[in-house]
Structure formats: C-alpha cells, structure tokens
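All heavy atoms count here, side chains included; hydrogens, waters and symmetry mates do not.
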Amino acid sequence: MGKADQDWQNEQKRVDRVVDEIERRIDMLQDRAGKVKADIVGIRKHFWEDVTVNLDEPDDAVETAASMKQQAEVLSERERSHRHTQNQLDTLKRLKDSPYFGRIDFTEEGEQETERIYLGIASLLDEKDEQFLIYDWRAPISSLYYDYGPGPVQYETPGGTVTGIMELKRQFIIRNGRIRSMFDTGVTIGDEMLQEVLGKQADTQMKSIVATIQKEQNRIIRNERSRLLVVQGAAGSGKTSAALQRVAYLLYRYRETLRAEQIVLFSPNPIFNSYVSTVLPELGEENMAQTTFQEHVERRISKEFRLEDPFDQMEYVLTAMENLGYDVRIKGIRYKAGLDFMKLMDRYVAYLGREGMKFRDISFRGKVVIRAERIQERFYSLDASLSIPRRMELLAEWLLEELEVLAEQERKKTWVEEEIQLLDQAAYQRVYRKLQREKRFTENTFDDFDREQELLAQMVVQKHFKPLRTYVKNLRFIDAPAVYRQLFEERTIFQLASADSLPKDWPEICEQTVKKLDRSELAYEDATPYLYLKERLEGSQTNTSVRYVFIDEAQDYSPFQFAFIQRLFPHSNMTVLGDLNQTIVAHAGEGFSKLASLFGFDQTETIVLKRSYRSTRPIVEFTRQMIKGGEAIEPFNRDGKKPSVTKAVDQGELVSKITKCIRKLQAAGHRTIAVIGKTARESRKAYEALQKHFSIRLIDKETASFESGIMVIPSYLAKGVEFDAVIIYNASQVQYGRESERKLFYTACTRAMHELHIFFVDRVSPFISGVSPDTYAMGI
C-alpha cells in the first residue's frame with residue numbers, strides 16, 4: 001500500500017471515530033431533550049395547580065404574583081434549555097454528514113510537538129472534553145487555513161500574535177461520513193474543492209461554503225479594526241457570502257456580548273432575503289434582522305402618502321422616456337439624491353426655526369378646539385435658541401395642558417350625560433370600586449350619587465380624549481406634508497439655496513413634486529428627504545442598540561440615503577458591499593464611491609475582490625468586455641459552454657426559439673432557469689407567452705420566496721441572485737441601446753452560473769456588438 005493510500009485509510013478511520021463520537025452525543029442530547037420537553041409539558045399542564053391564587057387581600061395578591069412569576073421563570077428556563085439542546089442537536093446532525101473540511105499541522109514557535117487541527121462548521125471536544133476533535137472555522141487558529149500555505153505562519157488571538165510553522169495543509173470533501181476527495185494544497189483553497197462546490201446546480205438558497213473561503217474573503221470575515229469596511233467586488237466574487245460569514249464570525253467572536261438582533265442587513269429586495277435566509281442557520285447561528293431600505297421608510301411614512309417604491313421608480317426610468325417631463329424627473333431624482341439637497345434642507349430647517357412652520361388644527365367631535373394659528377404663535381413664542389425638536393416637546397406639553405382644561409369643560413355637557421346612560425355594568429362596577437377605595441382613606445363627606453356621576457363623566461371624557469392625547473404625544477399636530485410641500489412652492493424658499501447649487505430645471509422639478517404631493521403621493525426620490533425633514537423637526541429616531549449594519553448592493557444607494565442611515569445607527573460599525581459596474585439606478589452610484597467622506601469614519605478599510613467564482617470562464621470572458629475596466633476581473637478556471645447570441649425576426653420566432661432553449665436546459669438538468677426581462681412590463685409579456693409551454697413562475701416586487709424551476713424576472717429584481725442558466729429575453733438595440741442601460745444589461749448577464757443565452761429581435765444591443773465574436777456562439 002502506497003503512502004497516499006495509507007494516509008487516506010488513516011484519515012477515514014479518524015472520520016469514523018469522530019462520527020461515532022457525534023452519534024454518541026446525539027443520542028445523549030436526544031435523551032436530554034426528551035426529558036426537558038416532558039418537563040415543559042408537565043409544567044404547562046399543571047401550571048395553575050402549582051400556583052397559589054388568592055386575591056382577597058393586598059398581601060395575598062402580592063404572594064400570588066410572586067408565585068406566578070416563580071413558576072413562569074421555571075418554565076422559561078426549561079424552554080431555553082430545550083432550545084439550546086435542539087440547536088446543539090441540529091449542529092451535530094450537520095457535522096455527522098461532513099465532520100470537517102480541512103486539516104492543518106501546526107508547530108507553535110518554542111514547542112516541540114506538532115498539533116493536528118481539523119476544521120469544521122462547529123467545535124467538538126472528545127469524550128473527556130479535553131482535546132478538540134474539530135475546531136470551529138471561526139476560531140483564531142483556523143485563520144491559518146485560509147491565509148497561508150505550508151511554511152512560516154502567524155495568527156492573532158485576544159492575547160497577542162502566535163507564530164510558528166505550518167507543516168501540512170490538507171483539504172477534504174466528506175459526504176455521509178465517507179471521504180470522497182482528499183488533497184494537500186498550497187496557499188489558496190484548492191481548485192478541486194471549488195470545482196466540487198461551483199460545479200453544482202444552484203439550490204433554492206445561497207449556501208455558506210466555509211470550506212472554500214479565499215484569503216481576500218477571509219480579510220472581510222475577520223476584520224475587527226475598521227469602523228467602516230467597504231467591499232468593492234466583481235459580479236460573482238463572493239462578497240455577499242463573505243458578508244454573511246462575517247456575521248457568523250462576529251456572533252462567534254463576541255458571543256458573550258453580541259446577539260443576532262444587534263445586527264441589521266439592508267438587502268435589495270424581499271426575494272434576496274429569502275435567497276440568503278438559510279446561510280446563518282446552516283452555520284448554527286440565528287438570523288440577523290433583514291430588511292430593505294424601502295421597508296424602513298414605509299414603516300415611518302406610509303400612513304401619510306401613497307409611497308412609490310424603488311421598483312416602480314425603476315420601471316418609470318426604463319419605460320417612460322417618451323413621456324412629457326421625463327428629463328425633468330430624472331434631473332430631480334439625481335438632485336434629491338445628493339448632499340446639495342441635504343444642505344438645502346438644513347438651511348430650510350434653520351429658516352423654519354424663525355418662520356414658516358405649518359401645524360394642523362386640533363379638533364374634537366367635529367369642532368376645532370385649538371387652531372393651527374394659535375399653535376404656531378405658541379411655537380414661535382418659545383426660546384428661539386432651543387432646537388426645534390426641543391421646542392416641539394415643550395409645545396406638546398402645553399397642548400396636553402390645554403386638552404386637560406378642555407376635557408374638564410366637556411364633562412358638564414349634555415352628550416356626556418347621554419353616553420353615561422349607555423355605559424355597561426362593568427363601567428359602573430369600576431366606579432363603585434373606586435368609591436369604596438376613597439371611602440377607606442377619607443371621611444365620607446360627599447354624596448355618593450354626585451361623586452359617582454362625576455367619576456362616570458370623567459371616565460367617558462377620558463376615553464374620548466385619549467386619541468387626542470396620543471395624537472399630541474406623537475407630534476401629529478405638525479403638518480409635515482405641508483412643511484415639505486412649502487419647500488417647493490414658495491419663492492422665498494428658493495433663496496435658501498445658492499443659484500449654482502440648484503439644477504436649472506428647479507422650477508419644473510418643484511412643479512412636478514407639488515402635483516404629486518397634492519395627490520397625496522410621495523415619489524421614491526422624495527422619501528428619504530421627507531423622512532430626514534420629519535426627524536429634523538420631531539427629533540431623530542436613532543437606534544443605539546444595533547452594533548453592526550450591513551448594506552448589500554450598496555452601489556444603488558444615494559449619498560443622501562447613506563447619510564441618513566449613518567444618522568439612524570450612530571454607534572454602529574458598517575460593512576458596505578457593492579459593485580460600481582452593477583449600478584442600475586438613476587442616481588448612479590455616487591454614494592458608494594464617496595463612502596469614507598459620507599460616514600466620516602477614521603477607521604476605514606476598502607477591500608477589492610477581482611476574481612469571479614459564480615460564472616464559468618467563458619461567461620466571465622464574455623461579460624467583462626461589456627464594461628469599462630472589465631479586463632481586471634479574473635475568471636475562475638471552470639470550463640463551460642460559450643454564451644450564445646441568437647437573432648429572431650419577430651416576437652413569434654423569439655418565443656419559439658426561447659421555448660426550444662428552455663427544453664434543452666431542462667434536459668441538461670438545470671434546476672434554476674431564469675428568463676430575464678428588462679422591465680416588469682416585458683417580463684409579464686414573456687410570462688404570458690411562455691406559460692403555454694411550461695410550468696413557469698413570474699417574479700415581481702411582491703415575491704417573497706426564491707424557489708427552483710423556470711422563472712421570468714425583471715432585470716433589477718435579479719441582482720444579487722444566481723441561476724444555473726440565464727436567458728436574456730430580448731437584447732435588442734431598442735431594449736438595451738442607451739448607455740445608461742449598459743450596467744443593467746451587464747448585471748442581468750452575470751446572474752448565470754453555467755449557461756447564458758441571449759436572444760434579440762432585429763438589431764442586437766451595442767453592448768454585445770462591441771464584444772469579441774470569439775467569446776460567444778451565434779445561435780440559429
């Protein structure tokens with residue numbers, strides 16, 4: 001038997017021993033989980049039998065509350081124990097299938113003995129809990145596997161830098177407890193392991209392949225120095241995967257002080273959330289909070305306006321070129337995205353501190369009881385040196401006092417007496433108990449009936465005034481829509497901006513904005529400025545509990561949005577990921593290129609990922625020619641078919657040829673096939689034509705789950721997601737002919753992992769005609 005065979009045999013024996021230990025632990029934990037579950041069921045079943053309930057006297061009530069609290073705490077502790085045991089079981093079951101993926105032999109400087117370190121998705125100690133059978137991939141020593149090849153190495157620990165020699169670096173592919181592949185490697189993760197992972201068909205979710213993390217991705221994952229970490233990564237470079245693994249690393253590294261709910265990910269759309277939702281649970285961690293910027297905005301202002309979302313704005317940008325006022329709207333989108341507009345709003349807020357604030361009347365039972373003019377007069381009587389939010393607080397306190405006076409006056413009115421007659425028995429009982437308490441502590445010198453009527457009137461009026469008090473406490477008396485509208489309609493406001501900072505079409509932009517506001521509509525480009533204005537008037541709603549914020553597809557955020565997010569999470573570290581070559585929105589990625597200055601953080605680091613792993617080499621060599629600087633993108637050496645470009649004479653032939661293409665892709669075993677339309681309108685048209693031939697799914701902005709199969713999807717919803725095969729529905733010059741659409745087209749093409757097929761009617765897009773014919777095949 002040769003050395004290689006002997007090594008394989010010895011390694012398999014070790015896998016067998018580790019799997020036996022894992023199975024022993026699983027049996028033990030299942031037994032423990034069963035007992036804890038039985039305890040939980042028993043406690044729930046007999047909860048009230050074990051609680052002493054006596055509410056006759058105050059002391060008895062206190063004792064009852066203490067008894068209930070004690071029993072609830074016992075139940076809560078058992079439930080926590082069961083969840084913890086269940087999480088351990090889930091991790092062990094994953095380890096049983098594939099216990100580890102790497103081994104390094106490390107000799108620490110000054111030590112004689114070489115330690116064998118095996119790496120997996122979680123740590124596992126031996127039966128005596130003395131030696132590590134498996135090290136968690138996030139442990140400090142595990143970084144050696146990702147960053148070095150055999151030779152001198154070092155790694156950082158909380159106690160300082162550890163140096164030594166790596167004697168061996170070995171990689172495994174283990175499935176169902178059997179070694180399928182084993183090889184020794186140098187600095188980078190071996191191509192064989194990457195080929196194994198990348199050669200598969202796309203699943204319905206992104207997978208966290210910690211075995212394939214590259215050195216530059218490891219720098220992202222383990223970065224602890226930078227307050228702002230910016231990742232500029234080519235399409236398919238693994239930036240999103242690295243970001244999610246960074247979340248898992250942070251939760252492991254700071255497991256005593258950091259919880260999943262203290263981390264927030266801003267993602268591009270709901271379907272992306274579904275796509276990445278399984279990564280952290282696969283690593284044994286809870287998912288962090290996932291949201292979109294639009295969802296955050298909607299929570300704050302959707303009750304005041306019909307709010308346009310970014311996808312509707314994108315549809316407008318891509319389809320309304322012939323509409324009257326289109327150019328003005330585009331200029332408005334760009335201006336409102338920038339910091340010049342933010343500075344204008346700051347000057348406007350200063351102006352409002354002196355004059356021009358708008359308030360709403362406060363009405364009760366259909367009658368105005370406090371007029372807006374009186375509120376405004378009171379506001380401007382307050383100390384002008386105070387901030388506007390502080391003055392609003394004082395104004396709210398005054399309004400609550402005024403409401404108290406008004407409420408007292410209302411108690412004597414006829415409508416109150418009439419409503420008292422309609423009260424139910426429970427209301428009378430509450431008043432009776434209050435009278436009894438009063439008698440216990442005071443001389444009974446009042447008439448019970450008069451006092452009862454007084455209390456009932458107070459109860460009725462309190463009920464009706466409660467919404468008004470809530471209205472005042474929430475500062476709803478500020479007419480924020482009118483204040484925002486005023487910025488665009490009064491000539492005096494124009495003077496707040498220097499002439500050269502306003503776009504020359506500013507009057508037309510104002511007219512468009514006012515018309516929408518008059519219809520209670522808020523354009524997407526106005527959402528962040530409007531929310532910013534509200535916060536400058538009412539006080540910022542900052543979140544100080546969130547410690548890490550991740551922003552994916554960051555190239556599509558505006559400078560204004562970045563500045564707003566930074567105000568929203570003032571104490572958070574930021575990890576911002578994007579690719580300027582995939583900028584698809586009208587404000588053109590300006591914020592992403594100026595992040596360091598926008599956030600104003602000293603501790604800033606930028607990491608550039610140039611190598612693309614998603615697509616085959618032929619697809620990358622084809623797509624990188626579409627964009628400026630694309631030659632810097634390095635394809636991973638994974639072979640595949642050249643992309644195809646096929647002409648159709650009309651729509652009928654287009655659908656016929658795409659139908660044949662889909663059938664071939666199905667026959668080849670591809671599980672996720674995406675037909676990408678430029679817009680939602682074109683995608684619906686494609687769906688209606690293709691559904692006659694296939695079971696097919698139309699993806700729109702409301703779609704919340706990512707599933708395998710054939711789907712039709714608009715280009716801007718496909719970003720961040722990957723598919724086995726991609727079909728571009730119509731890459732004609734008419735559809736993709738404007739320079740502003742180049743990056744959108746590139747983004748759509750780079751979604752393909754294994755096959756890319758492009759169809760067009762009449763004349764092909766110039767983005768393809770500029771690509772070398774050697775890199776694609778002409779379809780028939």
Side-chain angles (χ1 to χ4, degrees), residues 55-62 64-65 68 299-304 357-379 381-382 389-481 534 537-539 541:
L55 303 175
D56 293 340
E57 297 294 331
D59 290 346
D60 295 332
V62 169
T64 296
M68 289 175 65
R299 280 195 296 271
R300 299 287 307 279
I301 58 178
S302 61
K303 292 179 182 176
E304 299 174 71
M357 188 69 76
K358 303 283 187 182
F359 295 99
R360 295 184 174 105
D361 293 332
I362 294 180
S363 300
F364 181 70
R365 291 176 57 82
K367 179 184 174 185
V368 175
V369 291
I370 307 176
R371 295 205 168 273
E373 293 80 8
R374 188 177 168 214
I375 300 173
Q376 186 187 57
E377 183 182 335
R378 178 74 182 188
F379 174 79
S381 73
L382 296 169
R390 177 59 185 144
R391 287 153 80 183
M392 291 299 178
E393 284 179 26
L394 295 173
L395 190 59
E397 289 172 11
W398 172 74
L399 284 169
L400 289 171
E401 290 170 3
E402 291 293 302
L403 289 178
E404 195 61 45
V405 173
L406 289 167
E408 199 168 330
Q409 294 170 359
E410 289 292 321
R411 290 174 199 161
K412 302 177 178 63
K413 294 192 176 176
T414 307
W415 72 267
V416 178
E417 294 178 18
E418 291 171 353
E419 194 152 324
I420 287 172
Q421 305 305 317
L422 300 174
L423 290 174
D424 59 20
Q425 189 65 31
Y428 281 94
Q429 286 292 335
R430 285 198 297 276
V431 167
Y432 175 75
R433 284 196 295 272
K434 189 167 183 179
L435 281 170
Q436 292 299 105
R437 286 196 297 273
E438 287 182 359
K439 284 182 181 180
R440 188 182 302 178
F441 298 110
T442 63
E443 290 290 330
N444 187 12
T445 58
F446 53 82
D447 185 281
D448 275 0
F449 177 78
D450 290 343
R451 180 60 177 151
E452 182 184 80
Q453 291 301 107
E454 184 184 332
L455 289 174
L456 287 168
Q458 185 179 333
M459 181 187 294
V460 167
V461 173
Q462 283 280 87
K463 176 187 171 185
H464 284 274
F465 267 73
K466 186 177 180 181
L468 274 187
R469 290 191 183 90
T470 302
Y471 182 88
V472 169
K473 287 175 183 175
N474 291 337
L475 307 182
R476 295 291 306 282
F477 56 86
I478 304 171
D479 194 347
K534 271 178 69 77
L537 301 181
E538 300 172 4
Q541 295 198 9

Please give me the minimum heavy-atom distance between [X] and [Y], naming the atom from each residue.
{"X": "Lys534", "Y": "Ala480", "value": "CG-CB, 3.8 Å"}
{"X": "Leu382", "Y": "Leu395", "value": "CD1-N, 4.3 Å"}
{"X": "Leu475", "Y": "Met392", "value": "CD2-O, 4.1 Å"}
{"X": "Glu410", "Y": "Trp415", "value": "OE1-NE1, 2.8 Å"}
{"X": "Leu468", "Y": "Ser363", "value": "CD2-O, 3.5 Å"}

Who are the salt bridge (Lys or Arg N to Asp or Glu O under 4.0 Å) partners of [X], not counting sequence neighbours?
{"X": "Arg360", "answer": "Asp479"}
{"X": "Lys358", "answer": "none"}
{"X": "Glu393", "answer": "Arg390"}

* Just say parallel, tilted or perpendicular for the rings of Phe359 and Phe477, cut-offs at 30° and 60°. =>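 Ring orientation, 0 to 90° scale: parallel.
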* Set of residues satisfying side chain to side chain contact (heavy atoms under 4.5 Å, CB included) with respect to Lys473, sequence neighbours excluded ->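 In terms of side chain to side chain contact (heavy atoms under 4.5 Å, CB included), with neighbours along the sequence ignored, Lys473 is linked to Leu400.
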* Looking at Val368, Val472, Leu406, which one forms a side chain to side chain contact (heavy atoms under 4.5 Å, CB included) with Ile362? ->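 Passing option: Val472.
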* Going from CZ on Phe465 to OG1 on Thr470, what distance comes out if it is rounded to the nearest 0.5 angstrom? ->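 Between Phe465 CZ and Thr470 OG1, I get 13.0 Å after rounding to 0.5 Å.
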* Any ion pair linking Glu404 and Arg469 (charged N to carboxylate O, less than 4.0 Å)? ->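 Yes.
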* **All side-chain hydrogen bond (donor to acceptor under 3.5 Å, both in side chains) counterparts of Arg300, not counting sequence neighbours** =>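 Applying side-chain hydrogen bond (donor to acceptor under 3.5 Å, both in side chains) to Arg300 gives Glu535.
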For residues 369-378, dump all side-chain donor-acceptor pairs below 3.5 Å to protein atoms at least two apart in sequence or in another chain.
{"residue": "Arg374", "atom": "NH1", "partner": "Glu402", "partner atom": "OE1", "Å": "3.3"}
{"residue": "Arg374", "atom": "NH2", "partner": "Glu402", "partner atom": "OE1", "Å": "2.8"}
{"residue": "Gln376", "atom": "NE2", "partner": "Met357", "partner atom": "O", "Å": "2.7"}

